[in-house]
Amino acid sequence: MTMLSEGRPSQPVSGTQDHYPATLSGSRGLLQREDLIFEIGSNRETGVDLPQPRGRSDRLGGVTRSRPVELPGLSEPQAVRHYVRLSQRNYAIDLGLFPLGSCTMKHNPRLNEKLARLPGFANIHPLQPQSSVQGALQLIDELASWLKTLTGLPAVAMSPKAGAHGELCGMLAIREALKARGELSTRRRVLVPASAHGTNPATAIQCGFVVDEIKADARGRVDMDALREKLRIRDDIAGIMLTNPNTCGLFETDIRTIADLIHEAGGYFYCDGANFNAIVGRVRPGDLGVDAMHINLHKTFSTPHGGGGPGSGPTVLSEALAPFAPVPEVVRDPDGNYRLVENAVDECAQSFGRMTAFHGQMGMFVRALAYMLSHGADGLRQAAEDAVLNANYIQARLKQVMTPAFDGYCMHEALFSDAFMADGIGTIDLAKALIDEGYHPMTMYFPLVVHGAMLIEPTETESKQELDRFCDSVLLVARRAAAGDASLRQAPLLAPLHRLDETQAARKPQLKWSPPAPNAIAAE
Ligand SMILES: *Cc1c(COP(=O)(O)O)cnc(C)c1O
């Protein structure tokens, strides 16, 4: 096989393990081969004809670019084909089930999209006078009131732009509250369970706290003895960051006791709300003693998700933390008008400051409220119940072959360990073989507390037919893994590229294209 300078195959890959014959063009079926944009275009060409500018004078004070900008020039059809061909190589929620655990990859109803495109929402600008965007402010206020009602907490910061950003918001509010108590310099320790999402410890550290890990018990929940031990010294406790249901897909049954212990120690309870989808409409985090929790609108409330954005992570806050919420805040005045408080003044005098340039992800707000209003309170509860039902259906079917990580029913996601696999076969091999079966792999090797973890979250929007199709494929591959079928280690065989060196790709990403050396081209 020949390689380009980036280590990418430059010829169609074929071989004895390959189920495809080689093709001259490198295309397969009606899927076109596609090269890098730098390989199909050149900076000596341009896709548009512009007349030579006449009478041009240099108005840049002598700093005009002296070398070509090194961007490939393509015509419109070339550019369109390039990106459409690349898009056909993507897997998407609109193509099939996306079993990624903890990510809640559910269908985004098209109604939400339609409403988000209404000109009154889509074409406004955050710097317009507030009097001209009263409807948008009302929408933010209504969404805020749904979020407060569903969580049973009195305040919400709308501006955080993702779950991790919401964590930052909640922990900054906790920091500010400790500061107001004059205890910030002593209360530095944040407890984080071993199964936590990586963003939890990262956020705590970013806010200047020290992370103290609590182990899980044999039931996959916080080990209460270990927690009590950690709280024997209590005057340095800032709080706890806990996910519920946790990332093992299990409800933390001791959550009320945990909240009480943390509060008695003088700390605050941050709940990672990424898994709210499992309990929305059934449980109000405020009743569980939570002080701050982000809500991933792009998970629980179905707004588009993936590819890095856009997300939205409004963060609900308890009475104790509400005064420290970030600005801006939408306030409804007695005359019915809405007003944005932009600075730490008036009702926001104790705010810790501002997290974003403007007011948050307006487009996501419209979609999330449309989702809530079209479901209603009973529909949201039904969605949570169906999500849990679907995950348990998957758990029940797959445990015929695979090893559940913990006994009993799960919440919204089913977690398996690699114990059922034969020696020499690992979680990665099963995951890669699922690609050949047409499925995006599940979350793997997370949470860290389970060996070779496979975490599957189907969400409520999958039909029984689709769940069965998926389970059939997983069971087929799992049986091969249990039998020690070594060919799994070659998977995926049917994908455009086969097994890649993901460690190298993550550790040493090559983000810059450089032209192949002339002799490398000659060698091909
Ligand atoms: C998704 C997720 C996060 C982070 O949310 P982002 O919106 O991706 O920043 C945090 N914790 C858990 C448990 C998650 O699943």
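Each residue takes its place number in the sequence, starting with 1. Every number for a ligand or one of its atoms is a count from 1 in the order of the listing.
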Give a yes or no on whether a salt bridge exists between D429 and R499, defined as a side-chain N under 4.0 angstrom from a carboxylate O. yes

Holding to side-chain hydrogen bond (donor to acceptor under 3.5 Å, both in side chains), I want the full list of residues that pass it with E167, two or more places apart in sequence or in another chain. T199, N200, T203

Any idea which residues sit under 4.0 Å from ligand 1, heavy-atom distances? S102, A162, G163, A164, E167, H197, T199, T247, D272, A274, N296, H298, K299

Side-chain donor-acceptor contact under 3.5 Å, H263 with D291: yes

Mind listing the closest non-hydrogen atom pair of L168 and C207 along with its distance? CD1-SG, 3.7 Å

Would you check, one step at a time, whether the test side-chain hydrogen bond (donor to acceptor under 3.5 Å, both in side chains) holds for S473 with E437? CA-CA 6 Å; S473 285; E437 288 288 328; 3.0 Å; yes

Pair D212 + K230, salt bridge at N-O below 4.0 Å: yes

